[in-house]
Amino acid sequence: DIISNKGDDCEDTLKDHPACTFGGLCDCETFVNAADSGECNGFYISSNGNVEVRSVCAKYCGCAMTAAIEDAASTTESSEANCVDTLADSPSCRFGGLCDCDVFVNAPESSGCDSVYASP
């Protein structure tokens, strides 16, 4: 099943993602088709953290989510048992030294949980 994902979420944001700024993968065609990629409905596997491909290449992938991805996202978001702190494995920790979730979420550059951290 395909679920429409129209509106503000339907844009490619890869150029603003650490995969581009740190890893040099800035083109969705290359990113989606890379050997470490699960293509549009999967994840790009990286030692710096896995990336849901469609989350950074939505427009390239057709602006729709499969029902399986939607179900997985809502299940993960709603279940604290599946909640895993991955900040220590992220570029924010490795390169920026922000390794504590409380510090990260409450920093002046952060908009809080489930939001945006705008690096200076």
Side-chain angles (χ1 to χ4, degrees):
D1 293 348
I2 299 292
I3 298 170
S4 177
N5 187 24
K6 296 179 181 173
D8 294 339
D9 293 339
C10 188
E11 62 181 73
D12 294 338
T13 59
L14 182 60
K15 290 184 186 221
D16 298 324
H17 191 273
C20 175
T21 55
F22 294 112
L25 283 169
C26 302
D27 174 76
C28 280
E29 183 171 353
T30 303
F31 186 78
V32 170
N33 296 301
D36 294 327
S37 176
E39 299 181 347
C40 285
N41 294 328
F43 289 83
Y44 180 87
I45 308 302
S46 166
S47 61
N48 290 320
N50 299 340
V51 179
E52 183 183 351
V53 173
R54 192 175 293 277
S55 72
V56 293
C57 292
K59 186 174 182 178
Y60 177 87
C61 290
C63 302
M65 297 173 78
T66 64
I69 291 175
E70 181 74 11
D71 289 344
S74 64
T75 300
T76 300
E77 290 170 4
S78 65
S79 174
E80 287 188 29
N82 292 333
C83 183
V84 177
D85 178 2
T86 61
L87 185 59
D89 297 326
S90 78
S92 297
C93 179
R94 290 181 187 205
F95 302 111
L98 287 169
C99 303
D100 180 83
C101 284
D102 286 333
V103 172
F104 186 80
V105 170
N106 294 307
E109 298 86 6
S110 176
S111 301
C113 290
D114 296 326
S115 194
V116 175
Y117 182 91
S119 57

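Hydrogens, waters and symmetry mates are skipped; everything else that's a heavy atom, side chains included, is used.
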Problem - Closest approach of Ser37 to Phe31 (non-hydrogen atoms, all atoms of both residues) - result: CB-O, 3.2 Å
Exercise for the section: To the nearest 0.5 angstrom, please state how far the CG atom of Asp16 sits from the SG atom of Cys26. Expected result: 9.5 Å
Practice task
Kindly check if Cys57 and Cys28 bring their SG atoms closer than 2.5 angstrom.
Solution key: yes
Practice task
Could you tell me which non-hydrogen atom of Ala58 sits nearest to which non-hydrogen atom of Glu11, and how far apart they are?
Solution key: CB-O, 3.7 Å
Completion exercise
Closest heavy-atom pair, Cys63 versus Lys59, reported as atoms and distance to 0.1 Å, is SG-CA, 3.6 Å
Exercise for the section: Quick one: closest heavy-atom pair of Leu14 and Ala19, and the distance? Expected result: CD1-CB, 4.1 Å
Exercise for the section: Provide the closest heavy-atom pair for His17 versus Val51 in the form atom of the first, atom of the second, distance. Expected result: CE1-CG2, 3.5 Å
Problem - Test item: Val32 and Cys61 side chains (from C-beta on) under 4.5 Å apart, heavy atoms - result: yes
Problem - Pairs flagged by side-chain hydrogen bond (donor to acceptor under 3.5 Å, both in side chains) wherever residues 18-32 is involved - sequence neighbours left out - result: Asp27-Thr30
Handout entry: Any side-chain heavy-atom pair of Val56 and Tyr44 under 4.5 Å
Key = no
Practice task
Identify whether Tyr60 and Leu25 are in the same connected component of the hydrophobic contact network (ILVMFWY, side-chain heavy atoms under 4.5 Å).
Solution key: yes
